Amino acid sequence: MPASQSAAPEVAITLPDGSVRRYPAGTTGMAIAASIGQRLAKDALAIQVNGKLTDLDQPIAADATIAIVTATQPAGLDLVRHDCAHLLAHAVKELYPDTQITIGPTIEDGFYYDFSPKEPFTPADLARMEERMALIVDRDLPVRREVWDRDEAIHFFNSRGEHYKAEIIADLPRGEIVTCYRQGDFIDLCRGPHASSTGRVPKAFKLMKLAGAYWRGDSRNEMLQRVYGTAWASEKDLKTYLTRLKEAEKRDHRRLGREMDLFHVQEEAPGSVFWHPNGWTLFRACETYLRRRLEAGGYVEVKTPQLVDRALWEQSGHWEKFREHMFTAEAEERIFALKPMNCPGAVQIFKQGIKSYRELPLRMAEFGACHRNEPSGALHGIMRVRAFTQDDAHIFCTEDQITAETIRFCELLKTVYGDFGFTDVHVKFSDRPPVRAGSDAIWDKAEASLQQASLAAGLSLTLNPGEGAFYGPKLEFVLSDAIGRDWQCGTLQVDFVLPERLDANYVAEDGQKHRPVMLHRAILGSFERFIGVLIEHFAGRLPMWLAPVQVVVATITGEADSYAGEVRKALVERGLRARLDIRNEKIGYKVREHSLAKVPVMLVVGKREAETQAVAIRRLGGNAQETLALGDALASLVVEATMPGTSEGATAGA
RNA sequence: GCCGCGUUAGCUCAGCCGGUAGAGCACCUGAUUUGUAAUCAGGGGGUCGGGGGUUCGAAUCCCUCACGCGGCACCA
């Protein structure tokens, strides 16, 4: 250390590897990075000082533990995306100066920026914006942080015609430091940090899509134009991401639904599914499976009417709280509604006769077809529809039984998800919504009991405030699919309200009438959505017990036709869904076709197999073949195709 | 519901400045009897989403409705 500088104050900087270096007080991240290496100085985007991310040019006054952040680290990548949002806004202001800018946060895999343009953007504008962004990177403009007086900032942005920005600042809590970042002529309100110059942003971004978005996310506000982009540390990462998107597109259930001939939708029945034979087979396999699990789980099954007089919905509260989602029909001067939920129907069954406490808990399942008039913009394939079948059940029980029933349900749900190949599940707890039925006292009780039961069931919950059903709080079970997307499927809701409104009661040990508690619960949620999730999760390659066609017996030559017929018959007799392909085509053609149709198993038979009573097994996805004696092949396929939860020795499901 | 975009043969898509519709796959017919992801040849098929308008003339331009797609808002 040079003696001449010993008088100047120094700071001790601890690097990520634990080493300590001394720098003059007031040094910057940039200086530190430069002292470590040229490469680091070039790649540096920001610095973490005692865990807090800041700009490279911020002076460091005291001893600190630091880390130089580059695009290869998560915090650095996030910063790149944030920089890209600014680049985009900068580009837009240059190209379309009378556009107002609003907000531009980072999101998973990228960023977006919301604008209020004079003329709506078109997809062609995206290319222009992207080009301009690259140009601004090339200019390598310095990016400067500025601290502004709040009122001056408001005045400044207003004077520039940036009224949204001014509004944001005006809404900042008093006392908050207002910082802006300036690059060239562009200035934006921003907390930062940012890279020190535009040239440091890797040119690995792409503007992806144009969308509408409400100002401040409120549908009562004006609609802004949102530009979505993706950004990565390198062009290679960008390419990997774009490939991933393409792969995800191939799993799209709407595309696979058509390719696998499972279902279709058409404009005369928006939001309703036409199930084709293949798709309906899959639907029924799910239903059969679930029915077995429910029977084993102590449920009874019922069926309640589709079309019910308005009077019942008024009594249940649906007419008041759910009216806009209900389809109605008029006949005989009465108004009927298609049921949007099964619960009121279930209560009617409960109310028949006198129930004793001895009958509780009464677990009443229904594969109920519900209709809800969802907003047109919400419809999506078979995942979000207007007519759907819930794997619904209502458990009528006492307050004391809530905990045990919750635990029991969670176990069942875990088993079912596991059988379908989902192991990654998390749970959200939704409490009272603004629009609700029932008193606060009842809600207090319902929320407390559900929370307590969740605790007892060992669930770890994330809170989802204000998202409960109008009649009670709920647990929402969210599963993650093969490519990491989340789907809300299962639910458990505690309801003290409907039994009251619909006057359900049972006779307790004291000989008096008491109110039961209702637990609304579903595991799949709706068959339609769940099947959509299954298709995407497995990319169409359904496990054998679910596959609409489990086996195709394909011949190589006409000489094997009659033997192939016998093989198929033997499969069908053992409960397998098997088809015969004796067309006059080459085997390669047949293999390709059935592979594209995602049939899990092909049994190829030619002259050799016919003579030796054998089959050549070819599995989807592989190109290996195994020749087995017919009997052995049948035995192993039967095991493979067996539905989970089927007792030993039983054959595969319907 | 809101914003933007789209709708052409069963599917995927082409069709430039308005001149009267095309490809590949699929389908049908014939030939081929084939050994693990496309055998060859021929053929049929579209009031260009519905309605209205501009024009001598509209798949193409304009208006409108429906549906779809991407988001937002809403939600199983």
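Model, not experiment: these values are computed from the prediction. To find a chain, count down the sequence lines: A is the first, B the second, and so on, and within it residues start at 1.
A donor and an acceptor atom never sit less than 3.5 Å apart when one is taken from the side chain of A:Q266 and the other from the base of B:G49.
Defined by atom type and a distance below 3.5 Å, a donor-acceptor pair is missing between the side-chain atoms of A:Y563 and A:E609.
Here B:G10 sits opposite B:C25 as a Watson-Crick or G-U wobble pair (both hydrogen-bonding atom distances under 3.5 Å). Look at B:G68: its Watson-Crick or wobble partner, with both distances under 3.5 angstrom, is B:C5.
For the OP1/OP2 pair of B:U36 and a distance below 4.0 Å, the side-chain nitrogens and oxygens of A:R619 include no atom meeting the criterion. In this model, the phosphate group of B:A37 is approached by a side-chain N or O of A:R618 to a distance below 4.0 Å at OP1 or OP2. Phosphate proximity of B:G68 to A:H380: absent, as no side-chain N or O sits under 4.0 Å from OP1 or OP2. Listed pair A:R255 / B:G68 fails the phosphate criterion, with no side-chain N or O lying under 4.0 Å from OP1 or OP2. Close to B:G1, at under 4.0 Å from its OP1 or OP2, lies a side-chain N or O of A:S376. For the pair A:K586 and B:A37, the criterion of a side-chain N or O lying under 4.0 Å from OP1 or OP2 is not met.
Of the residues A:R384, A:R386, A:H380, A:H325, the one that meets the side chain to side chain donor-acceptor pair (under 3.5 Å) test with A:E374 is A:R384.
Two rings, from A:F263 and A:F283, have their centers 6.0 Å or more apart.
Comparing the C1' positions of B:C16 and B:A59 gives an interatomic distance of 14 Å, to the nearest angstrom. B:U12 and B:C69 have their P atoms separated by 12 Å, given to the nearest Å. When the P atom is used for both B:G49 and B:U7, the distance is 8 Å, rounded to whole Å.
Nucleic acid contact for A:Q625: base, since at least one base atom lies under 4.0 Å from a heavy atom of the residue. Looking at heavy-atom distances under 4.0 Å, A:V265 makes no contact with the nucleic acid at all.
The residue among A:T122 and A:Q493 whose nearest nucleotide of RNA chain B lies closer to the 5′ end is A:T122.
In the region residues 214-224 of chain A, proximity to RNA chain B at under 4.0 angstrom, judged on heavy atoms, holds for A:Y214, A:G217, A:S219, A:M223.
Judged as a side-chain hydrogen bond (donor to acceptor under 3.5 Å, both in side chains), and not counting sequence neighbours, the contacts of A:T122 are A:D125.
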Review item, side-chain donor-acceptor pairs of residues 553-561 of chain A, under 3.5 Å, at least two apart:
from   : atom 1 : to     : atom 2 : distance (Å)
A:T555 : OG1    : A:D581 : O      : 3.3
A:T555 : OG1    : A:K590 : NZ     : 3.1
A:T557 : OG1    : A:E559 : N      : 3.0

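Classification of the A:H537-A:F422 ring pair by plane angle, with boundaries at 30° and 60°, yields tilted.
A salt bridge links A:R216 with A:D171; the closest basic N to acidic carboxylate O contact falls under 4.0 Å.
Glycosidic conformation of B:C17 is syn; the angle stays within 90° of 0.
Residue A:I556 places its side chain closer to B:G35 than to any other of B:C69, B:G35, B:C72.
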